[in-house]
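Residue numbers count from 1 along this sequence.
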Amino acid sequence: MQRTIMDFWVGLFVMTGMGALLILGLKVGNLTTYNTGESYTLIGNFENIGGLKIRAPVKSAGVVVGRVTDIQFSLETYDAVVTVGINAYYRFPKDTFASILTSGLLGEQYIGLSPGGDEEMLAEGDKIMKTNSAMVLEEMVGRFLFDKAAED
């Protein structure tokens, strides 16, 4: 009798641990907020995307409004072409500004949308004309060093 009770509690503890690992895996993989609802696709060209990844969040005013669905390299313009899926509930003006931002000091990168004042809204397949690339720490340090060397 004692052995079966002990086996039950050990099994329960192991199952709880496996469930916790599953939840952790879903959170790390950005699958906990995966939305299969209706969405529309927007495209933006960026000179440098830094560490942006597929399924990275697209936020406006801190609210997740979509996800990055594809990242390609353009052989015509030699820049990154980022495709994002925006939840159909959220509409943005044609002059919306897209920036690649970093959460925290060294956190994950995401796309931030800053809406403009245009009355015409973005639609399926439209291109975001105003983009701002990721700030790369190595480039900033290099510029600082070259500027200091030029002063002397």
V68 to V58 - nearest heavy-atom pair and separation: N-CG2, 4.0 Å

CZ (F13) with more than 12 external heavy atoms under 6.0 Å: no

Test item: D95 side-chain N/O and G117 main-chain N/O as donor-acceptor pair under 3.5 Å: yes

L21 reachable from M18 in the ILVMFWY side-chain graph, under 4.5 Å edges: no

Sole candidate of T69, V84, I111 that passes side chain to side chain contact (heavy atoms under 4.5 Å, CB included) when paired with L42: V84

N/O donor-acceptor pair under 3.5 Å between S103 side chain and E108 backbone: yes

Cluster check Y89, V63: I/L/V/M/F/W/Y, side chain < 4.5 angstrom: yes

Approximate separation, where rounding is to 0.5 Å, of R3 CZ and D7 CG: 4.5 Å

Q109 side chain to L101 backbone, donor-acceptor under 3.5 Å: no

side-chain contact (heavy atoms from CB on, under 4.5 Å) between I128 and F92, intermediate numbers included: CA-CA 10 Å; I128 299 173; F92 291 95; over 6 Å; no

From CG (N132) to CD (E47), nearest 0.5 Å: 9.5 Å

Main-chain N/O of F46 paired with T131 side-chain donor or acceptor, under 3.5 Å: no

Spacing of N45 atom CG and M129 atom CE [to the nearest 0.5 Å]: 8.5 Å

Considering all heavy atoms, the nearest L52-I71 contact: O-CD1, 3.6 Å

Derivation of the side-chain contact (heavy atoms from CB on, under 4.5 Å) call for Q72 and T83: CA-CA 8 Å; Q72 298 289 323; T83 306; over 6 Å; no

Hphob cluster co-occupancy, I49 + I54, side-chain heavy atoms under 4.5 angstrom: yes

Non-hydrogen atoms of S60 and L113 that approach each other most closely: OG-O, 3.2 Å

Distance, nearest 0.5 Å, that separates CH2 of W9 from OG1 of T16: 9.5 Å

Distance-minimising heavy-atom pair for Y40 and L122: CE1-O, 4.1 Å

Point-to-point distance, once rounded to the nearest 0.5 Å, from OG of S39 to CZ of R67: 12.5 Å

Where M121 and K94 come nearest, the two heavy atoms and their spacing: O-CE, 3.8 Å

side-chain contact (heavy atoms from CB on, under 4.5 Å) between V65 and N87, worked out: CA-CA 6 Å; V65 296; N87 188 323; 5.6 Å; no

Heavy-atom check, side chain of P93 versus side chain of E119, under 4.5 Å: no

Shortest non-hydrogen contact between I100 and N48, atoms and distance: CD1-O, 3.9 Å

